[in-house]
Asks: 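Before we start, here is the structure in question, set down as structure tokens.
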Amino acid sequence: MGLLVELYNRLKKSGLLLLFVLLFFYFSFYTINGERGLRRYLHLRQELNYAEKVAEKYRREKEALEEKVRLLSSESLDLDMLDERTRVILNYAGSDEFIILDNTEN
């Protein structure tokens, strides 16, 4: 009878240890691979960096367009910019001028 009690106590203690080890591995796995784990965090951080770069690119483009609009506004009309835009839109060139085509501007 004492042997059975001792065997039962050892299984009970090792079962608790096994349970704690399994819980440790379970939580460790989901800390790294879970929906809110480290891998997901690093992936989202990478996406955020890319989105910030794209936003910065569009911000610079917006500022360049705002500068062109400012130069063509009636308060501060830049005649060179007006002449440039007129030539581009109307396809106008003087008889003594050369035309160099550039596909970057619409």
Asks: Under the side-chain contact (heavy atoms from CB on, under 4.5 Å) rule, collect the residues that match up with A93, sequence neighbours excluded.
Replies: E97, I99
Asks: State which residues pass side-chain contact (heavy atoms from CB on, under 4.5 Å) with T31; sequence neighbours excluded, sorted by chain then number.
Replies: none
Asks: According to the side chain to side chain donor-acceptor pair (under 3.5 Å) rule, which pairs have a member within residues 56-65, sequence neighbours left out?
Replies: E56-R59, R59-E63
Asks: Test: salt bridge (charged side-chain N to carboxylate O under 4.0 Å, His left out). Region: residues 15-31. Which pairs qualify, not counting sequence neighbours?
Replies: none
Asks: Given the rule in the salt bridge (Lys or Arg N to Asp or Glu O under 4.0 Å) test, do E67 and R70 qualify, once you have shown the distances and angles that lead to the verdict?
Replies: CA-CA 5 Å; E67 179 63 20; R70 188 189 64 75; 2.5 Å; yes
Asks: Would you tabulate the side-chain donor-acceptor contacts of residues 34-44 under 3.5 Å, counting partners in other chains and residues two or more places apart, or write 'none'?
Replies:
unit_1, atom_1, unit_2, atom_2, d
R39, NH1, N33, OD1, 3.2
H43, NE2, E47, OE2, 2.7

Asks: Any ring-ring contact (aromatic ring centres under 6.0 Å, His included) involving residues 18-39? Give me the pairs, sequence neighbours left out, ordered by first then second residue.
Replies: Y26-Y30
Asks: Are the side chains of Q46 and N49 in contact, using a 4.5 Å heavy-atom criterion?
Replies: no
